[in-house]
Protein chains: 2
Amino acid sequence: MARKTKEEAQLTRSLLLDAAERLFSERGVARTTLNDIASAAGVTRGAVYWHFQNKTDLIHALWDQAVLPLEASFEELLQTMPNDPLGRLRAKAITVLNEVVHNDRTRNFMSIVLLKCEYVEEAGGWREGYLTKRAECLTEITGDFKQAIELGQLTDSVDPQFAAVGLFSIIDGLCFHWLMNPSLFSMEKQAQKYIDTYFAGLASAG
Amino acid sequence: MARKTKEEAQLTRSLLLDAAERLFSERGVARTTLNDIASAAGVTRGAVYWHFQNKTDLIHALWDQAVLPLEASFEELLQTMPNDPLGRLRAKAITVLNEVVHNDRTRNFMSIVLLKCEYVEEAGGWREGYLTKRAECLTEITGDFKQAIELGQLTDSVDPQFAAVGLFSIIDGLCFHWLMNPSLFSMEKQAQKYIDTYFAGLASAG
DNA sequence: TGACATACATACAAGCATGTAGGTAAAGTA
DNA sequence: TACTTTACCTACATGCTTGTATGTATGTCA
């Protein structure tokens, strides 16, 4: 078989990532073999080992690709309402929950992260990277809460870190339940009600 | 080597389950081999295959054992406050969160369920059983919320199913975050504050 | 246009993990 | 006490997955 041009090679890489994302979310990370991924992308394992060092490396790359759309929409929100941190948090949360429903990429990604992988400490494992990303995300949320308190959108009896962890937890928890069993409730209709309920709880804080 | 008495055999079985629980929560389900489990229990794979059909069967058994203490304490709470469904829910939620911190069994179990296994549809997989158990648990919570509304502890503008899914999500979300990184926040100190915040949100419901 | 680098495919070796068949010695039982 | 069953252990066959080494035909650049 013939060598591909650089563009074609990038396409192959992209196809591999797509296949991995889909297969991981369908069969789980551990039960998906590199051969499965290669076949699904229409190539052989040779291509996988050309583009990535190994499975772990591929997962890392997958992460980078999957997080981009979310970060982009967050950035957008920041510019849409620069002086309304609480509204921004609300919008961010609802955005994530809606993306999980409507955006295949986000849904697959969340499904992998919450349901289809095992977090285990090992040298070169991806748990570390995930922890770091989560920490960053949490700092961001905490920052928004801090601003909200400074602007008087929330009482200063609210601890920003506390509020941030809670919001993060609710989002993950809702995604976990919905992805586990989408027929349980309509994420689409109730997402914002959940977020508003939590914010109402924070507002009445003691 | 010599044959064991029936009691000793039961002990072996129990040791195997203990070892499995510990190893699963340390290394993840997929990366833990039956040999690992047997060795950790001081026996060989022969013993595993004697007591269980295969890995899946072992996981099922593990589940049954791990859920018991939680169900027991729930039952206890039901009798402690038969006429305070909301208080019961609060106590249940806080109980779970505290058990995760203080009870090794519960913590290991939650860790496996939330972080160390992959949920994948397959013939004979344990996802089905898990879904069923969750559904039962959710019905129970929903029932309590219904009662709370009937007794006027909550407005009837609150949808019990909505409230139940939310509570369940928060609990799982908090456990997920805390198990992923226990240094992030003190579950012990803040668990009840989180639950109260959510309940406050429900109370101010629109 | 030739030489080198690229983007894979193919082939091979090696290590596990699983399932199972057969062995064994003591416990249980009549 | 003799026979059967139990509770394992040992050994083996099998399949799968990974990693790597090598082949190869083509893009790419001087």
Side-chain angles (χ1 to χ4, degrees), chain A residues 1-20 22-24 26-62 112 116-118 120 122-126, chain B residues 1-20 22-24 26-62 112 116-118 120 122-126:
Chain A
M1 201 166 280
R3 180 187 164 193
K4 309 280 186 64
T5 71
K6 289 192 177 183
E7 290 153 12
E8 285 171 324
Q10 277 313 103
L11 188 103
T12 300
R13 192 189 127 99
S14 171
L15 287 177
L16 283 171
L17 285 174
D18 287 355
R22 191 168 52 80
L23 291 178
F24 284 163
E26 281 173 16
R27 310 180 192 173
V29 172
R31 302 184 68 87
T32 301
T33 170
L34 292 184
N35 195 36
D36 295 340
I37 297 173
S39 302
V43 289
T44 68
R45 262 174 46 247
V48 176
Y49 279 101
W50 173 256
H51 286 285
F52 310 97
Q53 283 187 1
N54 49 34
K55 199 169 173 181
T56 307
D57 187 37
L58 194 156
I59 296 178
H60 274 101
L62 192 59
I112 295 171
K116 309 298 175 117
C117 76
E118 304 183 357
V120 36
E122 55 171 329
W126 63 311
Chain B
M1 200 167 281
R3 179 187 164 190
K4 309 282 185 63
T5 70
K6 289 192 176 183
E7 290 153 11
E8 286 172 322
Q10 277 313 104
L11 187 102
T12 301
R13 191 189 128 98
S14 170
L15 287 178
L16 283 171
L17 285 174
D18 287 354
R22 191 169 51 80
L23 290 178
F24 283 164
E26 281 173 17
R27 311 180 192 174
V29 172
R31 301 183 70 87
T32 301
T33 171
L34 293 184
N35 196 37
D36 294 340
I37 298 173
S39 303
V43 288
T44 69
R45 261 174 47 245
V48 176
Y49 278 101
W50 173 256
H51 286 285
F52 309 96
Q53 283 188 1
N54 48 36
K55 200 170 172 180
T56 308
D57 187 38
L58 194 157
I59 296 178
H60 275 100
L62 191 60
I112 295 171
K116 309 297 174 121
C117 76
E118 304 182 358
V120 35
E122 55 171 331
W126 63 311

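Only this structure's heavy atoms are used, side chains among them; waters, hydrogens and symmetry mates stay out. Just so we're on the same page: letters track the sequence lines, and every chain starts at 1.
Side chain of B/S14 to backbone of B/Q10: no donor-acceptor contact under 3.5 angstrom is found. Side chain of B/E118 to main chain of A/V29: a donor-acceptor pair is present (N/O by atom type, distance under 3.5 Å, no hydrogens or angles).
One finds a salt bridge joining B/D36 and B/R27 here, because a Lys/Arg side-chain nitrogen approaches an Asp/Glu carboxylate oxygen to under 4.0 Å.
Taking atom CG of A/L58 as the reference point, atom P of D/dT18 lies 11 Å away to the nearest angstrom. Put simply, CG on B/L16 is 14 Å from C1' on D/dC9, counting in whole angstrom units. Protein atom CG of A/D57 is 14 Å distant from nucleotide atom P of D/dT18, rounded to whole Å. Per the geometry, CD belonging to A/E8 stands 18 Å off P belonging to D/dA25, to the nearest Å. With rounding to whole Å, B/R3 atom CZ is found 7 Å from D/dT6 atom P. Distance, B/K4 NZ to C/dT24 C1': 14 Å, rounded to whole Å. We find that CZ of B/R13 is positioned 12 Å from P of D/dC8, with the value rounded to whole Å.
Between A/L16 and A/V43, the closest side-chain pair of non-hydrogen atoms falls below 4.5 Å. Residues A/L11 and A/L15 have side chains in contact (heavy-atom distance under 4.5 Å, counting atoms from C-beta outward). Here the side chains of A/K55 and A/L34 are in contact, with some heavy-atom distance below 4.5 Å. Looking at heavy atoms from C-beta onward, B/R13 lies in side-chain contact with B/L17 at the 4.5 angstrom threshold.
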Counting primed atoms, P, OP1 and OP2 as sugar-phosphate and everything else as base, the B/S/- map of nucleotides 17-22 of chain C against protein heavy atoms under 4.0 Å is SBBB--
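In this structure, of C/dT10, C/dA27, D/dA7, it is C/dA27 that holds the atom nearest to the side chain of B/T5. For B/K6, whose side chain is taken as the heavy atoms from C-beta onward, the closest listed nucleotide among C/dA9, C/dA7, D/dA7 is D/dA7.
For C/dA7, the OP1/OP2 oxygens have a side-chain nitrogen or oxygen of A/W50 closer than 4.0 Å. The side chain of B/T12 contributes an N or O atom lying less than 4.0 Å from OP1 or OP2 of D/dC8. Between A/H51 and C/dA7 there is no side-chain N or O to OP1 or OP2 distance below 4.0 Å.
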